[in-house]
Amino acid sequence: MSTSLNSPRVTLLAGGVGGARLAHGFACALPDGGGPAGGTGPQALTVVVNVGDDTERHGLTVSPDLDTVMYTLAEVNDEQRGWGLQAESYATLSQLERLGEDTWFTLGDKDLATHVVRTARLHEGQPLSAVTAQLAAALGVRARLLPVTDDRVRTLVDTPSGRIAFQEYFVRRHHADAVLGLAFEGIERSRPAPGVLDAVRDADLLVVAPSNPFLSVEPVLAVPGVREAVRSTPARRVAVSPIVGGQAIKGPAAQILESLGHEVSALGVARLYTGLVDVLCIDDVDAHLAGPIRDLGFDVLVTDTVMGGPEGRERLARELLAAAGRRGA
Ligand code: FO1
């Protein structure tokens with residue numbers, strides 16, 4: 001890395017829970033929680049987050065991946081579920097149900113406050129990136145949290161019963177439908193949010209989180225200019241496989257790889273990221289795949305990638321920082 005290992009700039013491309021946990025690991029591993037060193041200068045950690053999962057509920061704009069990362073960095077998230085806030089109550093949702101609203105998307109009372117503020121600021125004309133910065137600062141997050149775009153992008157899922165909105169697929173139908181294809185409505189006209197391309201270009205270490213490659217990573221890369229910036233950045237680029245021992249750590253990544261015709265393994269993930277990153281980080285249980293992955297041109301880091309608790313996240317982040325500092329990981 002070009003910068004001293006004591007103050008590397010890390011940019012993480014992230015979706016929901018896996019991205020949030022690794023972001024938290026970096027925030028713990030980097031000085032000042034990933035904030036600007038000494039309170040000034042560039043932020044040590046920037047997290048660029050998928051917005052394809054965003055949705056409108058009860059007239060409010062909900063940004064699940066941004067909130068999952070934000071709450072996790074602020075250490076106020078519900079660790080069991082991976083999303084939402086700890087110590088939640090659901091009085092508002094119960095009342096909404098009584099008033100005849102569809103309440104299959106679970107919104108807690110405190111979480112609703114986030115969506116009320118976000119929606120109010122968006123209605124005033126502020127961009128999502130500015131609103132996100134305000135929310136994150138109010139919660140004490142020191143790292144920089146960026147939506148990949150301020151424009152409206154919505155993931156649509158093609159299933160045997162037709163095209164449905166992402167949260168309809170994921171939450172309402174418990175991601176049980178076969179995924180035949182994906183579309184990212186609005187993405188062709190979208191532009192990277194301010195700071196996104198610079199965060200990719202100026203990073204010492206660019207990390208693709210162990211997030212779903214199709215649902216979370218692709219809608220980040222597909223924002224015009226982002227994939228090209230990742231391909232051409234001088235940063236050391238590492239992806240962490242979300243597939244461990246042929247299974248996803250969380251969510252439908254394994255089923256989607258299979259239904260879209262890819263091998264459900266860390267090797268299948270490597271094929272998706274060929275030419276995009278330099279290092280693939282795979283779990284100890286997949287050590288036997290290191291050879292074939294090296295044959296594709298990657299350096300391979302084999303370690304424990306299942307981030308059980310905060311210590312595991314920080315350890316993984318430190319290993320990624322160390323691997324990035326040496327060529328031929
Ligand atoms: N996931 C669920 O499985 N069920 C829910 O009811 C649900 C509500 C929800 C509300 C706010 C939020 O920020 C996230 C929420 N999630 C819920 C998680 C979310 O749907 C997924 O984790 C992501 O979109 C996939 O990364």
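We use all heavy atoms of the structure for the numbers below, so side chains are in, but hydrogens, waters and symmetry mates are not. Counting convention: from 1, in listed order, for ligands and their atoms alike.
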Could you tell me whether Ser216 and ligand 1 have an N or O pair separated by under 3.5 Å? no
Leu107: heavy atom below 4.0 Å from ligand 1, yes or no? yes
Distance to 0.1 Å, residue and atom name: give those for the protein heavy atom nearest to atom 21 (C) of ligand 1. Phe170 CE2, 3.6 Å
Can you find a non-hydrogen atom of Tyr71 under 4.0 Å from ligand 1? no
Please check if any side-chain donor atom of Gln86 sits under 3.5 Å from a side-chain acceptor atom of Gln80, or the reverse. no
Identify the closest protein heavy atom to atom 9 (C) of ligand 1: which residue and atom is it, and at what distance? Phe105 CZ, 3.3 Å
Indicate yes or no: does an N/O atom of Asp67 lie under 3.5 Å from an N/O atom of ligand 1? no
Considering only heavy atoms of Thr106, which atoms of ligand 1 have at least one such atom less than 4.0 Å away? 5 (C), 6 (O), 8 (C), 9 (C), 10 (C)
For residues Trp83 and Val141: do they belong to one hydrophobic cluster (side chain heavy atoms under 4.5 Å, members Ile, Leu, Val, Met, Phe, Trp, Tyr)? no
Is Gln167 touching ligand 1 with its side chain, its backbone, both, or neither, if touching means heavy atoms under 4.0 Å apart? side chain
How about His58 and Phe105: are their ring centroids closer than 6.0 Å? no
Looking at Arg201 and Glu228, is there a salt bridge between them, counting it only when a charged N and a carboxylate O are closer than 4.0 Å? no
Is a donor from one side chain sitting under 3.5 angstrom from an acceptor on the other, for Asp78 and Tyr71? no
How about Thr303 and Arg315: does a side-chain donor come under 3.5 Å of a side-chain acceptor? yes
Does Leu156 belong to the same Ile/Leu/Val/Met/Phe/Trp/Tyr cluster as Leu221, with side-chain heavy atoms less than 4.5 Å apart forming each link? no
Those atoms of ligand 1 less than 4.0 Å from some heavy atom in Trp104: 6 (O)
What are the atoms of ligand 1, with element, lying closer than 4.0 Å to any heavy atom of Asp53? 23 (C), 24 (O), 25 (C), 26 (O)
Can you check which of Asn77, Thr55, Leu66, Asp111 brings a heavy atom nearest to atom 11 (C) of ligand 1? Asp111
Need the ligand 1 atom indices (1-based, order shown) with element for anything under 4.0 Å from a heavy-atom of Phe166. 24 (O)
Would you mind checking which non-hydrogen protein atom is closest to atom 7 (C) of ligand 1, with the distance to 0.1 Å? Trp83 CH2, 3.3 Å
At under 4.0 Å between heavy atoms, which part of Val17 makes contact with ligand 1: side chain, backbone, both or neither? neither
Does Arg57 count as lying over the ring of Trp104, i.e. NZ or CZ under 6.0 Å from the six-ring centre, within 45 degrees of the axis? yes
Does Arg152 pair with Glu185 as a salt bridge, N-O distance under 4.0 Å? yes
